[in-house]
Amino acid sequence: MAMGSRRIRIAGAPPASALMLTLLCASWVLAAAQNYSAIFNFGDSITDTGNLCTNGRPSQITFTQPPYGETYFGTPTCRCSDGRVIVDFLSDQFGLPFLPPSKSSSADFKHGANMAITGATAMDAPFFRSLGLSDKIWNNGPISFQLHWFQQIATSVCGQSCASYLANSLFVFGEFGGNDYNAMIFGGYSTEQARKYTPKIVNTISRGIDKLIAMGATDIVVPGVLPIGCFPIYLTIYQSSNSSDYDGLGCLNKFNDLSTYHNTLLQKRVDIIQSRHRKTARIMYADFYSGVYDMVRNPQNYGLSSVFETCCGSGGGKYNYQNSARCGMQGASACASPAAHLSWDGIHLTEAADKQITDGWLKGRYCRPPILHS
């Protein structure tokens, strides 16, 4: 289905008494009117809702331990958050149930599925073996695997007649690339060395988008990578005594430069793909970087009082992050007000921050074009 031909479904005409309110709240009407029958999500720990834990909840995985999940679920759910993640808020927006992990053997996938899995990369395992980094990839769930999982689910849900079903589904493809760079950087590669592989990583992501379109996807959100130089894990491990290594807000320049380079290439590739499929698909670039960076720059606008201090962790100091006592490990504890923090565990965002990001993607501040449309 072409972007311009999507029909809007409204449950019923508003009563006359509500007409003026409806006109004044145009953005609300837009949100209420648009409909997707399913959501399919791909990615890594930022949006994993349980794939890594489908075969149990091993105690060595920190995010299967309290206080993960405390804000919304009251218990750990295998989400790397104190509560809901972006895809949960998208499900809420469109009146759909939370997405079941694609690896679940008993789930109902009629309203979509979540292929995201913690530790996922864009590149396949042979790429990391060629760089001598196979020991840095502890979970093999790259793009190629996730596309295969999706294909299996689509076949089971709609058989050989998936066109209308997939055309009325929202796809979120990523973010991808974050763990590829983590593997290289934590494996001893400089950001300059990692940058040489960015074109390959972006090419792999773009091929994945093309495959989704070939399968029948029409509405695809493609997030860029985060400003990793603003996250406590990087700020702690790569602290510098040289002030020129930091930007005016306190983020590490070289890591954010790598993220920016990735995102620049990805945006260009998204534009190319969109131009090829202008009449049949709607590709939305979600600016993850700007959404998070704006919270760092203007925390008061988002109700945040802390952007660099980890809410759940140990170690104190400016960042409250310690690799050997991360959230969910002995010695770590959660802050009293996660909603006032940007970072939950030093690596992932809080539920409150994820909600802000989702709002920006839905309404267009950090998504081009916005997910919600007329």
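Count residues from 1 along the sequence. Remember, predicted model here, so these are calculated numbers, not experimental data.
For the atom pair T121 OG1 and F176 CZ, the distance stands at 8.5 Å (nearest 0.5 Å). The structure places OG1 of T191 at 10.0 Å from OH of Y238, a figure rounded to the nearest 0.5 Å. With rounding to the nearest 0.5 Å, the separation of CD in E309 from CG in L235 is 12.5 Å. Rounded to the nearest 0.5 Å, atoms OG (S206) and CD1 (I201) are 12.0 Å apart. Separating the CZ atom in R269 from the CG atom in D210 is a distance of 8.5 Å, to the nearest 0.5 Å. L212 contributes atom CG, which lies 12.0 Å from atom CG of D219 (distance to the nearest 0.5 angstrom).
Other residues, nucleotides and ligands contribute more than 12 heavy atoms inside 6.0 Å of the CD atom of Q300.
Residues T204 and R207 have side chains that bring a donor and an acceptor to within less than 3.5 angstrom of each other. Inspection of the D345 and Y68 side chains reveals an N or O donor paired with an N or O acceptor under 3.5 Å. Looking only at atom types and distance, the side chain of T118 has a donor-acceptor partner in the side chain of D48 under 3.5 Å away. For the residue pair D124 and S144, a side-chain donor N or O sits within less than 3.5 Å of a side-chain acceptor on the partner. Of the N and O atoms on the side chains of N242 and S244, at least one donor lies less than 3.5 Å from an acceptor on the other residue. Between N256 and N253, the side chains place no donor N or O within less than 3.5 Å of an acceptor N or O (distance only, hydrogens not considered). Between the side chains of N320 and T310, not a single donor N or O lies within less than 3.5 Å of an accepting N or O. Using modelled atom types, one finds no donor on one side chain facing an acceptor on the other under 3.5 Å when comparing S343 with H348.
Clustering ILVMFWY residues whenever any of their side-chain heavy atoms sit less than 4.5 angstrom apart, transitively, puts I272 in a cluster other than the one holding V221. Residues L99 and F89 do not share a hydrophobic cluster, defined by chaining ILVMFWY side chains whose heavy atoms lie under 4.5 Å apart. If you chain together hydrophobic residues whose side chains sit under 4.5 Å apart, M184 and Y261 fall into the same group. Hydrophobic clustering places L170 together with L96 (ILVMFWY residues linked when any side-chain heavy atoms are closer than 4.5 Å, directly or through intermediates). V202 is connected to Y285 through a chain of hydrophobic side-chain contacts under 4.5 Å among Ile, Leu, Val, Met, Phe, Trp and Tyr, so both are in one cluster.
Ion pairing between K254 and D257 fails under the 4.0 Å rule for side-chain N and carboxylate O. A salt bridge between R368 and D271 is present, with a side-chain N of the basic residue lying under 4.0 Å from a carboxylate O of the acidic one.
Contact between W344 and A334 at its shortest, heavy atoms only, is CH2-CB, 3.9 Å. Of all heavy-atom pairs between F150 and L166, the closest is CZ-CD2, 4.0 Å. P142 and A122 get closest at one heavy-atom pair: CB-O, 4.0 Å. The shortest non-hydrogen separation linking V307 to M295 is CG1-O, 3.5 Å. Closest non-hydrogen pair, L52 versus I117, comes out as N-CG1, 4.0 Å. Heavy-atom minimum distance, G315 versus Q322: CA-OE1, 3.8 Å.
Centroid-to-centroid, the aromatic rings of Y181 and H262 come within less than 6.0 Å. Not less than 6.0 angstrom separates the ring centroid of Y289 from the ring centroid of Y366. Taking the six-membered ring wherever Trp is involved, the centroid distance between the rings of F42 and W149 does not fall below 6.0 Å. A ring-centre distance under 6.0 Å is not found for Y293 and F288.
Judged purely by atom type and a 3.5 angstrom limit, T218 uses its side chain to pair as donor or acceptor with the backbone of A167. Remark: the backbone N or O of D354 is paired with a side-chain donor or acceptor of T358 at under 3.5 angstrom. In this structure, the side chain of N51 engages the main chain of K103 through a donor-acceptor pair within 3.5 Å. A donor-acceptor distance shorter than 3.5 angstrom exists from the side chain of Q146 to the backbone of G141, with no hydrogens or angles considered. Between the side chain of S156 and the main chain of I153, a donor-acceptor pair closer than 3.5 Å is present. Not one N or O on the side chain of N263 forms a donor-acceptor pair closer than 3.5 Å with the backbone of T260. Between the side chain of Q274 and the backbone N or O of M284, no donor-acceptor pair lies under 3.5 Å. Checked by atom type and distance alone, the side chain of D82 never pairs as donor or acceptor with a backbone atom of T350 at under 3.5 Å. In this structure a side-chain-to-backbone donor-acceptor pair under 3.5 Å is missing from S104 to P100. A donor-acceptor pair is defined here as one N or O able to donate and one able to accept, closer than 3.5 Å; such a pair exists between the side chain of Q193 and the backbone of S190.
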For this session: With side-chain contact (heavy atoms from CB on, under 4.5 Å) as the test, would you mind laying out the steps for Q239 and Y246 before giving the verdict?
Result: CA-CA 10 Å; Q239 286 187 69; Y246 297 85; 4.2 Å; yes
For this session: I would like to know whether D287 and R365 meet salt bridge (charged side-chain N to carboxylate O under 4.0 Å, His left out); could you show each step before the answer?
Result: CA-CA 9 Å; D287 193 350; R365 187 175 184 184; over 6 Å; no
Problem set entry | side-chain contact (heavy atoms from CB on, under 4.5 Å) between L349 and S81, intermediate numbers included | CA-CA 7 Å; L349 301 173; S81 170; over 6 Å; no
Problem set entry | Chi angles and distances behind the ring pair (Phe, Tyr, Trp, His ring centres under 6.0 Å) call for F186, Y234 | CA-CA 10 Å; F186 295 137; Y234 276 92; 5.2 Å; yes
Exercise. side-chain contact (heavy atoms from CB on, under 4.5 Å) between N298 and L304: does it pass, once the steps are laid out?
Worked result: CA-CA 9 Å; N298 301 299; L304 302 176; over 6 Å; no
For this session: Given side-chain contact (heavy atoms from CB on, under 4.5 Å), test V172 with V87 step by step and report yes or no.
Result: CA-CA 8 Å; V172 184; V87 70; 5.6 Å; no
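Of the options F94, Y165, F171, a ring-ring contact (aromatic ring centres under 6.0 Å, His included) to Y36 is made by F94 and by none of the others. When each of V292, L342, L252, I347 is tested with F231 by the rule side-chain contact (heavy atoms from CB on, under 4.5 Å), just one qualifies, namely V292.
The SG atoms of C335 and C312 do not lie less than 2.5 Å from each other.
With contacts defined as side-chain heavy-atom distances shorter than 4.5 Å, the pair P370/W361 does not qualify.
The cationic atom of R79 (NZ for Lys, CZ for Arg) lies less than 6.0 Å from the six-membered ring centre of F98 and within 45° of the ring axis.
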